[in-house]
Amino acid sequence: MTHAFPPADSGAPQRFPVVVVGAGPAGLTVGNILRAASVDCLVLETETREFIEQRPRAGVIEEWAVRGLEKRGLARNLLDRAELHTACEFRFDGERYRFPYGELTGSHHFVYPQPLLVTDLVREYADVRGGRIRFGVRDVRVHHVGTDRPSVSYICPETGERHVVHCDFVAGCDGARGVTRASLPPERVRIARHDYGIGWLALLAEAPPSADCVLFGCHARGFAGQMPRSPQVTRYYLQCPPGDAPENWPHERVWSELQERLGAAGVPPLTEGRLIEKRVLDMHDYVVEPMVHGRLYLAGDAAHLVAPIAAKGMNLALHDAFLLGDALVAYLSSGDSGGLDGYAEACLRRVWDYQEFSQWLSEVYHGTAAGDPFRAGTTLARLRRLFTSPAAAAAFAEQYLGTAARH
């Protein structure tokens with residue numbers, strides 16, 4: 001199905017079957033699915049192309065999500081360049097414990113930084129499949145989504161004029177602070193929120209990873225994590241008070257705490273390097289229900305946020321995008337409304353499954369630092385069980401890999 005449309009800067013009224021607000025992994029995946037089916041759409045993004053292709057974000061992609069991208073012709077570079085991870089390592093009580101989830105399940109993780117995935121997706125959408133996208137737009141507004149004639153307007157960055165785009169559907173993929181979620185009628189929305197009461201200092205270091213896998217340090221001084229990103233760059237996390245300032249963590253303090261919390265018998269010290277990013281993340285989750293209002297369908301962080309505790313956020317965004325893109329194609333191509341009718345329910349099953357696992361894993365990571373001897377004792381018991389009980393190990397691996405909530 002194709003539709004004629006004027007140039008995006010012509011000032012003439014525009015119409016597309018779908019307007020996608022937000023050019024992150026969710027929005028670009030939806031756009032690519034639509035273009036593969038010859039359905040026209042317009043993607044609106046407030047940032048520049050250069051910005052979204054460099055913005056540091058997540059890097060762990062579950063195998064089912066990669067297969068979903070591959071099925072849709074969106075994983076060529078990923079499959080060529082991503083690192084495969086088949087194990088992680090817990091460090092607690094001064095010892096190291098390797099957890100070989102690949103051997104247990106036959107599945108693995110892909111490590112592919114989100115900026116690389118976004119670069120691939122925007123190139124495929126705009127340069128290969130001919131999708132329309134406007135970068136740097138301002139003051140995006142969503143109109144009349146409760147009717148069958150919704151529209152989206154924005155201010156053109158070149159002319160300062162407001163453009164109105166009429167459409168059949170709006171895909172709200174513009175993240176936690178985006179306009180689409182804010183446009184839901186307050187009396188119709190329930191936001192379930194959980195605050196962990198802790199912060200993580202998120203760090204990027206110009207240093208090679210100090211182990212060949214993800215490291216989890218469960219320490220009385222607080223959690224620490226190492227997440228390899230590339231042979232030259234490593235992501236680290238340090239538990240800190242919520243609302244802490246990055247300025248409180250100079251180079252020497254950061255590396256001293258990382259060495260202490262990730263230290264274990266028989267392992268060499270971490271390889272240190274220049275810190276190229278420091279920011280504090282306050283750990284919280286939320287789920288927006290309903291994810292649908294009229295012709296507006298939320299996806300990704302616009303609909304739900306899961307703290308980076310379990311590295312699930314980008315995977316949930318891709319899951320939403322697969323379901324939403326396929327459902328829109330089915331409706332716009334053949335009038336089949338089944339996918340759209342069941343969209344929110346299908347998304348939320350995985351969302352709540354991942355939220356529950358994130359809460360469980362948070363206690364594993366942070367319980368030893370809670371200042372409560374009872375919590376510390378039960379946390380260590382939970383950790384030891386992973387390495388003594390095949391049933392506990394299998395259950396953890398299933399949730400860690402996302403294979404429990406089948407797509």
Side-chain angles (χ1 to χ4, degrees), residues 60 85-105 109 196-203 205 207-228 234-242 244 249 252-272 281 283 307-312 356-401:
V60 175
H85 281 211
T86 60
C88 58
E89 187 171 300
F90 288 86
R91 295 182 177 180
F92 59 94
D93 260 3
E95 301 291 336
R96 59 188 295 198
Y97 299 85
R98 193 171 181 88
F99 189 86
Y101 53 83
E103 294 177 13
L104 291 171
T105 65
H109 278 137
Y196 291 90
I198 57 171
W200 276 12
L201 180 67
L203 306 152
S210 296
D212 64 350
C213 65
V214 172
L215 302 179
F216 304 123
C218 305
H219 195 278
R221 295 179 64 88
F223 169 77
Q226 176 207 264
M227 286 72 179
T234 306
R235 167 73 75 188
Y236 286 102
Y237 292 111
L238 278 170
Q239 182 181 345
C240 64
D244 205 351
W249 292 87
E252 294 75 14
R253 184 186 181 196
V254 165
W255 285 110
S256 174
E257 286 296 320
L258 286 171
Q259 298 286 7
E260 173 70 22
R261 300 185 197 184
L262 288 171
V267 301
L270 303 176
T271 302
E272 300 185 7
L281 309 174
M283 295 291 106
I309 290 167
K312 298 293 190 183
E356 188 279 331
F357 179 61
S358 181
Q359 282 207 314
W360 182 91
L361 196 57
S362 176
E363 187 63 16
V364 169
Y365 288 170
H366 307 115
T368 53
D372 179 343
F374 190 89
R375 276 183 69 187
T378 55
T379 299
L380 290 172
R382 186 176 292 182
L383 280 162
R384 293 189 193 100
R385 191 178 301 122
L386 291 180
F387 299 94
T388 56
S389 165
F396 172 77
E398 186 179 63
Q399 290 184 292
Y400 186 62
L401 289 161

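The first residue of the sequence shown is numbered 1, and numbering continues consecutively from there.
Within the 3.5 Å criterion, the main-chain N or O of G263 finds no donor-acceptor partner in the side chain of H219. Proximity of a side-chain donor or acceptor of K312 to a complementary backbone N or O of A307 within less than 3.5 Å is not detected. When atom types are taken as modelled, the side chain of T105 and the backbone of Y101 share a donor-acceptor pair closer than 3.5 angstrom.
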Report the C-alpha distance between L383 and C218 in whole Å, list the side-chain angles of each, state the deciding distance to 0.1 Å, and finish with yes or no for side chain to side chain contact (heavy atoms under 4.5 Å, CB included).
-> CA-CA 9 Å; L383 280 162; C218 305; 4.0 Å; yes

Would you sort out whether M283 and Q239 count as a side chain to side chain contact (heavy atoms under 4.5 Å, CB included), showing the intermediate values?
-> CA-CA 10 Å; M283 295 291 106; Q239 182 181 345; over 6 Å; no

Do L361 and Q399 pass the side chain to side chain contact (heavy atoms under 4.5 Å, CB included) test, and can you show the C-alpha distance, the side-chain angles, and the key distance before you say yes or no?
-> CA-CA 10 Å; L361 196 57; Q399 290 184 292; over 6 Å; no

Under the side chain to side chain contact (heavy atoms under 4.5 Å, CB included) rule, what do L203 and L238 come out as? Steps first, then yes or no, please.
-> CA-CA 8 Å; L203 306 152; L238 278 170; 4.2 Å; yes

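Atoms CG and OG1, on D372 and T378 in that order, are 7.5 Å from each other to the nearest 0.5 Å. With rounding to the nearest 0.5 Å, the separation of CG in L281 from CD1 in I198 is 10.5 Å. A distance of 11.5 Å separates CD in E398 from CG in L104, rounded to the nearest 0.5 Å.
The minimum heavy-atom distance between W200 and P308, with the atom names listed, is CZ3-O, 3.8 Å. P373 and G371 get closest at one heavy-atom pair: CD-O, 3.8 Å. The two atoms that bring F99 and A393 nearest to each other are CZ-O, 3.3 Å, heavy atoms only. Of all heavy-atom pairs between T388 and P390, the closest is O-CD, 3.6 Å. Closest approach of A87 and P100 over heavy atoms only: CB-CA, 3.9 Å. Closest heavy-atom contact between P228 and P209: CB-CG, 3.6 Å.
Each salt bridge (Lys or Arg N to Asp or Glu O under 4.0 Å) pair with one or both residues in residues 260-271, not counting sequence neighbours, appears once here: E257-R261.
Taking the six-membered ring where tryptophan is involved, the planes of W360 and F396 are tilted, since the angle between them lies from 30° to 60°.
Not counting sequence neighbours, the partners of Y365 by the ring pair (Phe, Tyr, Trp, His ring centres under 6.0 Å) test are F216, F223. Considering only residues two or more places apart in sequence or on other chains, D212 meets the side chain to side chain donor-acceptor pair (under 3.5 Å) condition with R98. Applying the salt bridge (charged side-chain N to carboxylate O under 4.0 Å, His left out) test to R384 and every residue at least two apart in sequence or in another chain returns D93. In this structure S362 satisfies the side chain to side chain donor-acceptor pair (under 3.5 Å) test together with H366, sequence neighbours excluded. Judged as a side chain to side chain donor-acceptor pair (under 3.5 Å), and not counting sequence neighbours, the contacts of Y196 are D285, S358. Shown here are the side-chain contact (heavy atoms from CB on, under 4.5 Å) partners of A220, two or more places apart in sequence or in another chain: there are none. When the side-chain contact (heavy atoms from CB on, under 4.5 Å) test is applied to S210, the partners found at least two apart in sequence or on another chain are Q226, Y236, L270, T271. By the side-chain contact (heavy atoms from CB on, under 4.5 Å) test, Y97 is found to be paired with F92, E95, F387, residues two or more places apart in sequence or in another chain being considered. Partners of A311 according to the side-chain contact (heavy atoms from CB on, under 4.5 Å) rule, which considers only residues two or more places apart in sequence or in another chain, are V60. Qualifying side chain to side chain donor-acceptor pair (under 3.5 Å) partners for W255, counting only residues two or more places apart in sequence or in other chains: none. Judged as a salt bridge (charged side-chain N to carboxylate O under 4.0 Å, His left out), and not counting sequence neighbours, the contacts of R375 are E363.
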